[in-house]
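Worth knowing before you read on, the calculation uses all heavy atoms, side chains too, and leaves out hydrogens, waters and symmetry mates.
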Amino acid sequence: MKRMFWIILMMSCGATYISSLFPIYGSHYQMSSLEITMLFAVYAVILVPTLLIVGAKGSSWGLKKVLRISIWLSIASTLLFIGSQNVWMLFAARILEGIAYGAFTGTATTFLLSQTSRQHLSTAIKLSGVFVNVGFGMGPAISGLVLQYVQVQPLRMPFWLLLAMLLSSLVFLEMLPSLKEEPKPLNTKISLGIPENIRTHFISFIGLPAFTFFMLGGIVFSVIPSYVKNVIHSSNLSLAGVLVFILLGVAALIQFFPWVQNPVKRMRIGIVLLAIGPWIIVFSGQTGDLWMLWIGMLIQGVGAGWSFQAALRFAGQLPKPEERPRVISAFYLCAYSGFIIPPIGVGILTSFFSLNHSLIVLNTFAALIVIYVLIYSIKFNQYYSKVTL
């Protein structure tokens, strides 16, 4: 199990690694805010259908085989970043990374669960979410630190380190035993795989919070580097990466905090904090107060951790065991959908408004979702209390 968690950590790290380099690419290639957010979002545009297809057919192809191909595609993406000479190569590398992580996400969870005893399934699901969060935070933090303090070939050097990390994950994968998988028909129906009896609850109290968490996280990944540079007026290239790491590091660690055991209550508190944090970040942009930015990140991190943990718990707990892998894949499908439209929306809005005002529009949209989730939580709590008696 430990080796599989390392693989999840390294692949998740690679998925967000480029975030700290957005300002560098913007300056080097003269890219607009819209182009930068599109460079971020194209990853998710490709990832979502890949996740859907592989989630349905991955088992019939062989889980370990899919994981191996995913890591090799991520390595190919990294090599493309290292050799990039123009913008189209950056987009090609991001597309490859989208395919790689899209194929990896649902398959990795299924592979992990198949290696885990029944009594440890809930712990495995929880820890997989923690390692995903930590990896997402580590990516921009590591690349930002390399950019700031190594200062040798800034467009290339960070990716040499990532390449070594991905190669280590490939080694660990080959050390894991292959599963004795029963052959399944290749014409497996491609669908979200959400059972009808929990579909409404899934959409309203699992999918929407996951979408919101990743939407606000996606804005952080795609915008915060430019936000730190142009709004907070800091030239430290590592600051944006450290901020992202704090956001997701807090999101991971807060999941182990014992207070508020009831997952429905934890979701309610988490989703509210998830909405409050971004408003404090916007306020920091209006005042230029760096401390307010740190506080906003901290609050958003707590909210993200609790809402993500509760949503993932429900995704693993409500369906039958044989339905669980597909429902968890659907959970991540909803989550990564949050990476697409909102970041592009910020890029479009910044063509007409300031970056700070663009964030206000997205935060208002997130607030409306949060209000709906809070209202629906009354109905969900009644259902959850019955099924967990």
Side-chain angles (χ1 to χ4, degrees), residues 9-33 35-37 39-40 43 74 77-85 87 89-90 93-94 97 133-168 217-253 281 284-285 288-298 300-301 343 346 355 359:
L9 182 68
M10 292 298 99
M11 286 292 287
S12 299
C13 185
T16 59
Y17 200 80
I18 190 179
S19 183
S20 292
L21 284 91
F22 284 140
I24 304 297
Y25 284 133
S27 300
H28 185 78
Y29 293 111
Q30 299 298 304
M31 299 173 68
S32 65
S33 296
E35 288 176 315
I36 291 174
T37 50
L39 180 61
F40 175 85
Y43 156 83
S74 190
S77 170
T78 303
L79 291 173
L80 198 53
F81 275 123
I82 293 173
S84 63
Q85 300 292 330
V87 174
M89 295 183 74
L90 299 181
R94 286 294 283 169
E97 185 59 42
N133 282 332
V134 172
F136 280 173
M138 280 178 55
I142 293 173
S143 59
L145 289 170
V146 173
L147 285 172
Q148 180 65 31
Y149 298 108
V150 178
Q151 297 183 351
V152 176
Q153 293 187 321
L155 297 180
R156 315 255 188 270
M157 182 58 68
F159 289 105
W160 284 112
L161 179 58
L162 175 60
L163 182 63
M165 294 160 61
L166 291 173
L167 287 172
S168 74
I219 294 172
V220 169
F221 289 135
S222 59
V223 172
I224 281 297
S226 298
Y227 191 80
V228 169
K229 180 180 178 181
N230 300 322
V231 178
I232 304 298
H233 305 295
S234 173
S235 59
N236 191 320
L237 296 172
S238 66
L239 180 59
V242 171
L243 283 169
V244 172
F245 181 68
I246 288 176
L247 169 67
L248 293 175
V250 168
L253 293 176
I281 293 173
S284 74
D289 190 336
L290 187 58
W291 282 107
M292 293 299 293
L293 179 60
W294 288 99
I295 293 171
M297 284 288 188
L298 180 64
Q300 184 175 339
V346 171
L355 179 57
L359 293 179

Over all atoms of both residues, closest heavy-atom pair of Val134 and Ala252: CG2-CB, 3.4 Å
Gap between atom CD of Gln300 and atom CG of Leu243 - 0.5 Å precision: 11.0 Å
Spacing of Leu248 atom CG and Thr16 atom OG1 [to the nearest 0.5 Å]: 7.5 Å
With Ser12 via side-chain hydrogen bond (donor to acceptor under 3.5 Å, both in side chains) - residues at least two apart: Tyr101
Distance (rounded to the nearest 0.5 Å) between Met11 CE and Phe136 CZ: 10.5 Å
Derivation and outcome, side chain to side chain contact (heavy atoms under 4.5 Å, CB included), residues Leu21 and Ser143: CA-CA 7 Å; Leu21 284 91; Ser143 59; 3.8 Å; yes
Distance-only donor-acceptor hits, side chain of residues 156-167, under 3.5 Å, sequence neighbours excluded:
unit_1	atom_1	unit_2	atom_2	d
Arg156	NE	Ile82	O	3.1
Arg156	NH1	Ile82	O	3.3
Arg156	NH1	Ser84	O	3.2
Arg156	NH2	Ser84	O	3.2

Rounded distance (nearest 0.5 Å) linking atom CG of Leu9 with atom CG of Asn133: 11.0 Å
Phe81 vs Tyr25 side-chain heavy atoms within contact, under 4.5 Å: yes
Close side-chain approach of Leu90 and Tyr29, heavy atoms under 4.5 Å: yes
Straight-line distance of Leu293 CG to Leu298 CG, nearest 0.5 Å: 11.5 Å
Minimal non-hydrogen separation, Ser20 against Leu147, with atom names: O-CD1, 3.6 Å
Criterion side chain to side chain contact (heavy atoms under 4.5 Å, CB included) on Ser77 and Arg94, from CA distance to verdict: CA-CA 7 Å; Ser77 170; Arg94 286 294 283 169; over 6 Å; no
Tyr17 and Pro140, any side-chain heavy atoms less than 4.5 Å apart: no
Beyond-backbone contact of Phe245 with Val250, side-chain heavy atoms, under 4.5 angstrom: no
Closest non-hydrogen atom pair, Glu35 against Met31: OE1-CA, 3.1 Å
Closest non-hydrogen atom pair, Met89 against Gly83: CE-O, 3.5 Å
